[in-house]
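Worksheet for the structure shown next.
Along the sequence shown, residues are numbered consecutively beginning with 1.
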Amino acid sequence: MNSASSPNPSFQRDARMLLASFLEPAQLLAGCVWKIPASLYINVPFCTNRCGYCDFHSLEAGRCAEGTFDAYIDALKRQHDFWVSMLGIEAYRTIYIGGGTPSVLGSATLARLLAYFSRFSTSEIEWTMEANPESVDPAMLAMLRDHGVTRLSLGIQTFSPEKRRMLERAGNPYKAVDLIRSAHSCGLDVSVDLLAGLPHRSGDPDDCISTTLQDILTVADKVDHISLYDLTVEEGTRLARHVENGQLALPDDDTLKELRDAADTLLSQHGFMRYEISNYARPGRECRHNAGYWDAESYLGIGSGAVSTLLACSSDEPERVLHGLRFTGTRDLALYMEYPEAIDSVNMEHLAPATLAFEMLMLGCRTRRGVSLSRYRQRFGKDISDEIPKTLERWKGHLIWEEERLALDRASMDILNLFLVDCMSEMEGGML
Ligand code: SF4
């Protein structure tokens, strides 16, 4: 590992001044108190190999110098200590270790990480760790359970060897079937990630629907939670180049819709409910950590490239949100490890209540439960029905009003963006 690639002294100084100005109640935030985040995200930006479609922040583990993982854990602890002292955090309701591929750290390094964070755990915690089958074994699963992890999120994406080659995805996914069994016998809940909209050879007709339905069938009776994300082709990735030069092709929108409908039906026959645009669970097995994001709660993210959103509420009305602060940790690993508490001012954003109100609608409407009307009123001092009356009238055939919540019906979940464009236009005072 090189020393910080940009030993820029103003990085640290500016970040601390910036933090001080945001976190000092007597200055910018007079009359506010920070809501203590109940959720923690820990980013581990290392993977065995770079998949051909990935634009996440991650580095190949084999290219990191000896000692990097331990130094990274030290930086995470230092950064977390800083936020604990700033915000008075005592315990979390949920912890999520994602990446990257946290399991590439190996059992000994992970054990150090978990031992430190377990003091912020409670008996009620949902504590998830992401893993890929090639870097987990039963001994690691037992170690995770012993340190308080409750849930494993396995990245499989597809079982098809041909599709995996197209995605340049390493590992043997069938190992995952044994791992799921081992995880259950350790007492861990298991979620599986699959991809929809897989590529095919250009000019070679393909049934991407049957591949994904077969992937679902391989795991549906073995787990309680499945995430089925649409593959997106990100600019600059190897997959994007293969699609541009015509080597690979992607299914069209009609095929994707047909696939999503078929997946919904198949999963519902196996006892799963689609509770968010890309997520399915058996009743009561929904991911609580992600539910916090969709309810627009505050959360702390630590690690290189991790995002945090903190909410500042009125000291008189603890639920009334007056400010939000969003910041992202630097992706420069060496810089992060040298100054883990720092925040670069270019990666810090002040969120006004109007922005937070729109985000609450946007995130809540991704879910089947929808947005809490009373929570919205408490947070922003307004009723949703007064904020977007024309949008609600226009979409009335697609809305579900239930138990003080507003949600889109199943068919409209897939056209959420159209609904949100109307919401934003009306909230900003535009004409519908
Ligand atoms: S395992 Fe995940 S994070 Fe890592 S390179 Fe592949 S897609 Fe990206």
Side-chain angles (χ1 to χ4, degrees), residues 35 37-39 41 93-94 96 126 225 227 229 260 264 273-281 283-299 307-314 317-326 349 351-430 432:
K35 208 173 161 81
S39 293
Y41 176 80
R93 224 172 25 220
T94 66
Y96 194 106
E126 176 198 88
H225 190 283
S227 301
Y229 297 108
R260 186 60 71 173
D264 285 7
M273 186 178 63
R274 185 180 181 191
Y275 73 100
E276 193 265 349
I277 287 179
S278 308
N279 284 279
Y280 301 78
R285 310 316 291 267
E286 298 85 358
C287 175
R288 283 164 49 204
H289 183 83
N290 288 343
Y293 296 142
W294 299 319
D295 285 340
E297 297 288 357
S298 61
Y299 56 89
V307 179
S308 301
T309 301
L310 300 181
L311 302 177
C313 296
S314 158
E317 295 173 72
E319 292 305 321
R320 175 66 66 86
V321 174
L322 301 180
H323 297 278
L325 180 61
R326 179 162 299 142
E349 186 188 357
L351 305 168
T355 306
L356 292 164
F358 177 73
E359 285 191 358
M360 189 173 176
L361 263 178
M362 178 177 76
L363 294 165
C365 287
R366 293 182 62 89
T367 66
R368 191 170 179 272
R369 266 178 4 122
V371 187
S372 162
L373 303 175
S374 55
R375 181 77 63 86
Y376 187 97
R377 192 182 310 116
Q378 280 177 330
R379 280 193 183 176
F380 306 111
K382 296 172 185 168
D383 281 315
I384 289 181
S385 51
D386 293 334
E387 291 259 80
I388 48 168
K390 292 182 198 161
T391 304
L392 297 178
E393 177 61 23
R394 173 179 282 186
W395 285 78
K396 67 181 174 197
H398 306 278
L399 301 177
I400 299 170
W401 299 87
E402 227 174 55
E403 294 174 12
E404 264 277 287
R405 302 187 80 93
L406 167 67
L408 288 177
D409 64 15
R410 150 73 192 89
S412 308
M413 259 182 158
D414 293 324
I415 50 168
L416 170 66
N417 283 349
L418 299 179
F419 175 70
L420 294 174
V421 167
D422 283 355
C423 293
M424 179 173 267
S425 169
E426 189 169 7
M427 287 168 103
E428 287 180 346
L432 285 181

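Asp264 and Tyr280 share a side-chain donor-acceptor pair at under 3.5 Å.
Partners of Glu126 according to the side-chain contact (heavy atoms from CB on, under 4.5 Å) rule, which considers only residues two or more places apart in sequence or in another chain, are Thr94, Thr128, Thr150, Arg151, Cys287, Arg288, His289. Contacts of Arg260 classified as salt bridge (Lys or Arg N to Asp or Glu O under 4.0 Å), with partners at least two apart in sequence or in another chain: Asp230. By the salt bridge (Lys or Arg N to Asp or Glu O under 4.0 Å) test, Arg320 pairs with Glu317, sequence neighbours left out. Residues passing the side-chain contact (heavy atoms from CB on, under 4.5 Å) test with Asp295, sequence neighbours excluded: Glu297, Arg369, Arg405. Scored by the side-chain contact (heavy atoms from CB on, under 4.5 Å) test, Leu416 finds Ile277, Cys365, Arg366, Leu408, Phe419, Leu420 as partners (sequence neighbours excluded). By the salt bridge (Lys or Arg N to Asp or Glu O under 4.0 Å) test, Glu387 pairs with Lys382, sequence neighbours left out.
A donor-acceptor pair under 3.5 Å is absent between the side-chain atoms of Ser425 and the main chain of Asp422, judged by distance alone. With hydrogens and angles ignored, the 3.5 Å screen pairs a side-chain donor or acceptor of Thr367 with a backbone N or O of Gly370. A distance-only check finds no donor-acceptor pair linking the side chain of Glu349 to the backbone of Arg326 [under 3.5 Å].
The pair Glu404-Arg375 does not count as a salt bridge, with every side-chain nitrogen at least 4.0 angstrom from each carboxylate oxygen. Between Glu393 and Lys390 there is no salt bridge, since no side-chain nitrogen of the basic residue lies less than 4.0 Å from a carboxylate oxygen of the acidic one. Taking 4.0 Å as the cut-off between side-chain N and carboxylate O, Asp409 and Arg368 do not count as a salt-bridged pair.
Arg394 contributes atom CZ, which lies 12.5 Å from atom CG of Leu399 (distance to the nearest 0.5 angstrom). To the nearest 0.5 Å, the span separating OG on Ser412 from CZ on Arg410 amounts to 9.5 Å.
Taking the six-membered ring wherever Trp is involved, the centroid distance between the rings of Tyr293 and Tyr299 falls below 6.0 Å.
Considering all non-hydrogen atoms of both residues, Ala357 and Tyr376 come closest at CB-OH, 3.5 Å. Counting all heavy atoms, side chain and backbone alike, Leu311 lies closest to Ser298 at N-CB, 3.7 Å.
Between Leu325 and Thr309, every side-chain heavy-atom pair lies at or beyond the 4.5 Å cut-off. Under the 4.5 Å side-chain criterion, counting only non-hydrogen atoms from C-beta, Met362 is not in contact with Met424.
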What do the steps show when you test Ile388 against Met427 for side-chain contact (heavy atoms from CB on, under 4.5 Å), and what is the final call?
CA-CA 6 Å; Ile388 48 168; Met427 287 168 103; 3.7 Å; yes

One pair to check against side-chain contact (heavy atoms from CB on, under 4.5 Å): His225 and Asn279. What are the steps and the verdict?
CA-CA 8 Å; His225 190 283; Asn279 284 279; 3.3 Å; yes

Would you check, one step at a time, whether the test side-chain contact (heavy atoms from CB on, under 4.5 Å) holds for Met273 with Glu286?
CA-CA 9 Å; Met273 186 178 63; Glu286 298 85 358; 3.8 Å; yes

Leu392/Trp401 under side-chain contact (heavy atoms from CB on, under 4.5 Å): CA gap, chis, key distance, verdict
CA-CA 11 Å; Leu392 297 178; Trp401 299 87; 3.8 Å; yes

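Within a 6.0 Å sphere centred on CZ of Arg377, heavy atoms belonging to other residues, nucleotides or ligands number more than 12.
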